Structures are given as structure tokens and as C-alpha cells.
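Everything numeric here is computed off the predicted structure, so don't read it as measured data.
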Amino acid sequence: INEEGYVGAMPFDVLIPKSVRHIDVHAINSLAYEQEWIDSSPIYNDGWFRKFTLEAGNEHLTCENGLLIEDGKKIVFCRDTTVKSVTIPEGIEVIGEYSFRECADLEEVIFSKETRVIEDHAFDGCTGLKTITIPESVTSIGNGTFDNCNNLIIRGYTGSFAETYAREHNIRFADVNATYTCGDIDGSDNIDSTDIFYTMLYIANVAVGNDGGLTPEQIAAADVDGNGIVDSTDSFYIMYYVALHGAGYGTSWEEVLAK
């Protein structure tokens, strides 16, 4: 079933016969889009269909926890756009294009160890997704995969493809093995101007009601005075610490906080 086989939404449950081997994601896309019909008048379509049932015995298509899976290796589509957490089943190698598009409530994705490819726009519009941990097995991430995922942090391993992708697409990256000690917001084992920047950016974002863009571990590291809130006092202490060490003083955090 390809994306151009039918124009116009089906308001009923569709039974997919067991002979069907492939369904294009665009045929079941949840987003309204405009197509041209025979008379060139625009038709606003909710995709081919939203509700469907697979006939028993299909050897190529299965549904597991709301995920349409092809040949046991590729996720084609997520049926529930309100899902908050998704665990990618074992054996899945490919996250298909647009498969989780506009799942705005999605907050957590747990990948399979076999996942190798995340295709174009797979998580486009997942505005609730603030952090995503990408395993070392992933060696390809498509164009626009994380478009409109505001303040996203990609967590992964230093030297991995995930880190390269994050750097090339100006997405913040956090090493899953990093230790975030007091004042060391980026986990680099060095407290410097980058840590000052991340702290001030967090404070500014939170002040206007946006997500601060830091992981819980990073927030704890930024809260240098330990009062449970990252604010201008913490940024002052970090700047003071950096200035003292830049001038050659080996001042400890205890001494800085005692000022």
C-alpha cells in the first residue's frame, strides 16, 4: 500500500489482508495535508486511514504495543500519538521515516540494542522529548529526524555516531558516562566559560517559562550552593570560581561558597 493509492480519509476501521507485505507511512500519516484530486480542487486528508486491523496470519506486518512493524525489523508507524514512553522491541533495526512524527507527548524512547538506522523526520514534532539516549549501535540518522524537538539533549557515548550527529546539527550532547560534579555542567572535568554559559542559559529559559535544557544530573551540578534552585547566585559562584582559577588560585568550592 503506497502513499498515492488513495486520496481522502477513511472514517472506518480498515482490515488489512494478510497478503499485504508493506504499508507506506504516508498512507496512514496522522497529519492533514493537501492533495490534488481529478478536478484539481484541494482535498484535506487525514492520511489513508487511522484505524486499521491486521488480518491474522500476516507474515510481514505485526502490531506490538501500538507500533506497526514490518518484517520484524522496521517500525513503520506509531498508532498512539499521545504515548509518553516507548520501548523499541528487540530485533528492530530501523526506525522508519515519520514513524513518531507529532507524538507531542512522547518523553522517553528506549532503543533496542539492534537499532542501526533512524530515518528522516522519525521524531519530528515530538515537542515533549527533551532527552534521548542513542545507543552505539546506531550508525545512521536521517535529515530532520529531531526537527521541532525544542531544547533536545542527545545522550550517547563519546566518539559515537550520535555525538557526531549532534555536533553537526547543533544539538546539545551529553556523554552517558560523564560525571557531573559541582559546577561542571558539561561533564568535561573542567569548569570554564562553557559551564557559565549553560547555567545562565538555563536560568534565562526557566525565567520565561521554557524548559531549561539540562538533564537532572546537570541541574544538580549547576546548583552549586545546594539550595535546590539554579539561579543567579549559582551563576555568580561559578563565574567567581572560574575567575579565581584563571588567575592561578587553587581555591576549593568550600572556600568559594564561604565568601
Side-chain angles (χ1 to χ4, degrees), residues 1-35 45-129 132-135 137-149 161-162 165:
I1 301 175
N2 64 31
E3 65 175 301
E4 297 177 349
Y6 176 85
V7 178
M10 288 185 179
F12 42 82
D13 196 336
V14 177
L15 176 65
I16 307 298
K18 61 183 179 180
S19 58
V20 173
R21 301 166 60 95
H22 168 78
I23 302 176
D24 192 288
V25 66
H26 298 289
I28 48 178
N29 199 322
S30 64
L31 297 179
Y33 59 96
E34 184 175 330
Q35 292 192 11
N45 181 336
D46 191 25
W48 255 52
F49 44 81
R50 214 33 207 164
K51 297 179 180 180
F52 61 89
T53 301
L54 295 177
E55 182 183 10
N58 194 309
E59 297 181 356
H60 298 279
L61 299 173
T62 58
C63 274
E64 183 174 339
N65 296 325
L67 303 175
L68 178 61
I69 299 172
E70 184 176 302
D71 293 325
K73 295 183 178 181
K74 178 178 179 178
I75 291 180
V76 178
F77 183 70
C78 177
R79 298 181 70 166
D80 183 6
T81 57
T82 65
V83 65
K84 291 184 178 295
S85 178
V86 169
T87 297
I88 305 301
E90 293 300 317
I92 295 297
E93 298 179 1
V94 180
I95 311 298
E97 62 173 344
Y98 298 97
S99 51
F100 291 93
R101 186 178 184 186
E102 301 298 331
C103 290
D105 296 325
L106 183 62
E107 298 175 352
E108 179 184 43
V109 180
I110 302 173
F111 286 97
S112 159
K113 294 181 293 185
E114 289 89 358
T115 303
R116 297 182 298 101
V117 177
I118 305 175
E119 294 186 339
D120 296 353
H121 298 279
F123 296 98
D124 188 347
C126 295
T127 55
L129 196 61
I132 188 167
T133 301
I134 298 179
S137 58
V138 172
T139 56
S140 176
I141 302 176
N143 294 322
T145 299
F146 300 107
D147 279 1
N148 304 302
C149 296
F161 181 83
Y165 180 89

Legend entry - Partners meeting side chain to side chain donor-acceptor pair (under 3.5 Å) with E108 (sequence neighbours left out):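 E108 satisfies side chain to side chain donor-acceptor pair (under 3.5 Å) with S85 only.
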Once rounded to the nearest 0.5 Å, what's the spacing between atom [atom1] of [X] and atom [atom2] of [Y]?
X    : Y    : atom1 : atom2 : result
I95  : I134 : CD1   : CD1   : 10.5 Å
S99  : E97  : OG    : CD    : 9.0 Å
I132 : C149 : CD1   : SG    : 8.0 Å
R101 : L106 : CZ    : CG    : 15.0 Å

Inset, instruction - Provide the full list of salt bridge (Lys or Arg N to Asp or Glu O under 4.0 Å) pairs with a residue in residues 109-129, sequence neighbours left out, each pair given once. - result: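 Residue pairs with at least one partner in residues 109-129: K74-E119, E93-R116.
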Can you name the nearest heavy-atom pair linking [X] to [Y], along with the distance?
X    : Y    : result
D147 : H121 : OD2-CE1, 3.6 Å
G142 : T145 : O-OG1, 2.7 Å
G91  : S112 : N-OG, 3.6 Å

Legend entry - ring pair (Phe, Tyr, Trp, His ring centres under 6.0 Å) against F123, all qualifying residues, sequence neighbours excluded: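 Here the qualifying residues are F100, F146.
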Tabulate below the donor-acceptor pairs under 3.5 Å that side-chain atoms of residues 56-71 make, not counting sequence neighbours, or state none.
{"residue": "N58", "atom": "OD1", "partner": "H60", "partner atom": "N", "Å": "2.8"}
{"residue": "N58", "atom": "OD1", "partner": "L61", "partner atom": "N", "Å": "2.8"}
{"residue": "N58", "atom": "ND2", "partner": "V20", "partner atom": "O", "Å": "3.1"}
{"residue": "H60", "atom": "ND1", "partner": "D71", "partner atom": "OD1", "Å": "2.8"}
{"residue": "H60", "atom": "NE2", "partner": "R21", "partner atom": "NH1", "Å": "3.1"}
{"residue": "E70", "atom": "OE1", "partner": "H22", "partner atom": "ND1", "Å": "2.7"}

Inset, instruction - Walk me through it: do V109 and I88 pass the test side-chain contact (heavy atoms from CB on, under 4.5 Å)? - result: CA-CA 7 Å; V109 180; I88 305 301; 4.2 Å; yes
Residues two or more places apart in sequence or in another chain: which of them pass side chain to side chain contact (heavy atoms under 4.5 Å, CB included) with [X]?
X    : value
T87  : I110
F161 : I141, Y165
S19  : P17

Inset, instruction - Check step by step if side-chain contact (heavy atoms from CB on, under 4.5 Å) holds for D105 and V83. - result: CA-CA 6 Å; D105 296 325; V83 65; over 6 Å; no
Inset, instruction - Determine yes or no for a side-chain-to-main-chain donor-acceptor pair under 3.5 angstrom, with T115 supplying the side chain and I92 the backbone. - result: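 Yes, because the side chain of T115 sits within donor-acceptor range (under 3.5 Å) of the backbone of I92.
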